[in-house]
Amino acid sequence: MPRLKRTRPPMGTPNSKRRIQNPDPDGLLRSIKDMLTHDSSEVLFSVGGKINLTSDPDTTHEKRDPVTFRWDSGPHGSHVKKISFPDVETQVAVTDSLAHLLKDCEPASFGRGNQEVIDEGYRQASTLDIQKFSSDYSPYDNRVMEKVSQALAFRDVADNSHRGLRAELYKMNIYSAPSGMFKAHVDTPRSEHQMGSLVVCLPTPHEGGELTIRRQGRQNVYSWGPLSTSHIQWAAFYSDEEHEVGKVTKGHRVTLTYNLYWVSYGPASMESLIGEDLGLLSWVAKLDELTKCKVYLKNLGRLGFHTIQHYPHSASAAARGNIEEQLKGLDMLVFQAFKRLSGNVRVTAVVDGTAYEEKCRYQERDSSSDQDTGNDSKESKDSEGFSSESPPDTGKYYVGKGLHSPFLEDQLADEEEWPSPGQFGKRYDFQQRTWSEAWYSGKKVTWLNREPIYGSKEFAMATIVVGIHPAKLWGFFGSGEFSMLTIHVQTGNEPTTQAYYSTAAIIAEFV
Ligand SMILES: O=C(O)CCC(=O)C(=O)O
Ligand SMILES: [Fe+2]
């Protein structure tokens, strides 16, 4: 199930010479931007399926026995009770067993920042923690996890091979009529290796309760009511995507939720397996052509792509610098393409210095000493003698050398009212009598997908010190005049403890 359009690669083909003789770097850059924007809308971000419990086992591989579910019952959990899904004995909406199960559940909470909240206006559901139940259902049966991996964890777009995922059972939830629902949220990452969530709806008759997953103006809706008596139905999605459960209007919607983790490491480490086949993607082929226009590329500065997905990120992940191993979907492909064509690629945080620069210009009108803005050659020639127009205007950004903890207000207490982002991280060591290196340095960056917008909530990758409330950072950076370091603060399905979602910038230097 390829998700991305492919064309024959021009590199290494007899046609490649003709193209190089007549390069149109502006055109190439424009189509790479178009394709990346277009491709991003084609990439799958969720997948679903169903398993029929009533069909003849000889005619389908999907058949399985009813699901057996046992849980700790009573005030001290001293009794074990059991229920089957579907409840074959009665086939009625509310069996005695289901009523008992509901009684032993707790109201489902969710997270607002670091707070655990029960707010029935936002989420109305009953829940059991994993410690209190067991079930013979496995998502490795009926090839469910295979399908999830094929759709969401591809590692090679050409031969359709996929990376390993592990599903870890997390909770059992019941959304009951007339008002069971869960409004828009993202699933709080349980660790920085989490990449997605899997929801399995056990066969119990209900109506309503559609699961809607949204991404950049598109949405996938999973409506499990119509087959709820006869099928196990499931959906998996990148857990940083916003999703919600609509109101259950009849019956009970019983789900098992799983966290999905990369097995050992993510697809970004699979460079050698992706290999040459990456060139089958049309934008990669064009990027390859563009890298031959050396003068033009030099004027573009760094090429940047700011990630479509958000990634669970923590201070410890920052210390290990392993964000690359988490990349998903198109983000992973862009990283691989950059890596293939450039020796210098990093996934990092970027701070927009526009307002700071503007203020400096205002103060000292004629001191324009941008350190890395490239030369503005209108009609220069590159090493192969091709002429090159000046590239489109690009901005100056402060590109992180690596991942770091965020800044807190008191760290900037000694600074001017408007500190330069290029000073961040600089500290004087009184013993050594030296200044440490700044964390960010000013670079010219041309963005291949969306231009960062000042004040955007989805721009840079920031690290966060465990225990610091994200709102504090948001308050600081959001109101700051010079930066857009952003922590993605959203309603989660759990109170945030250690990991936060954030976008990142993939930055490559080509010359
Ligand atoms: O039951 C569902 O479809 C999804 C539930 C959910 O989003 C959650 O538990 O975080
Ligand atoms: Fe969720």
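Numbering of ligands and ligand atoms starts at 1, following listing order.
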>> Within ligand 1, which atoms have a heavy atom of Val245 less than 4.0 Å away?
In response: 1 (O), 2 (C), 3 (O), 4 (C), 5 (C)

> Closer than 4.0 angstrom: is that true for some heavy atom of Arg123 and an atom of ligand 1?
Replying inline: yes

> Which of the numbered atoms in ligand 1 are below 4.0 angstrom from a heavy atom of His243?
Replying inline: 7 (O)

> What part of Tyr222 sits under 4.0 Å from ligand 1 if we count only heavy atoms: the side chain, the backbone, both or neither?
Replying inline: neither

> Cut-off 3.5 Å, side chains only: do Ser46 and Tyr222 have a donor facing an acceptor?
Replying inline: yes

>> Going by side-chain contact (heavy atoms from CB on, under 4.5 Å), Ser176 matches just one of Val254, Leu102, Thr204. Which one?
In response: Leu102

> Can Asp240 and Gln309 be counted as having a side-chain donor-acceptor contact under 3.5 angstrom?
Replying inline: yes

> What are the atoms of ligand 1, with element, lying closer than 4.0 Å to any heavy atom of Asn173?
Replying inline: 9 (O)

> Do the ring planes of Phe182 and Tyr175 sit parallel (below 30°), tilted (30 to 60°) or perpendicular (above 60°)?
Replying inline: parallel

>> Angle between ring planes, Trp447 versus His306, binned at 30° and 60°: parallel, tilted or perpendicular?
In response: perpendicular

>> Are the side chains of Ile507 and Phe305 in contact, using a 4.5 Å heavy-atom criterion?
In response: no

> Out of His185, Arg253, Gln233, who gets a non-hydrogen atom closest to atom 7 (O) of ligand 1?
Replying inline: His185

>> Working to 10°, measure the angle at the Fe ion (ligand 2) formed by atom NE2 of His185 and atom OD1 of Asp187.
In response: 100°

> Hey, is Tyr175 one of the residues with a heavy atom under 4.0 angstrom from ligand 1?
Replying inline: yes

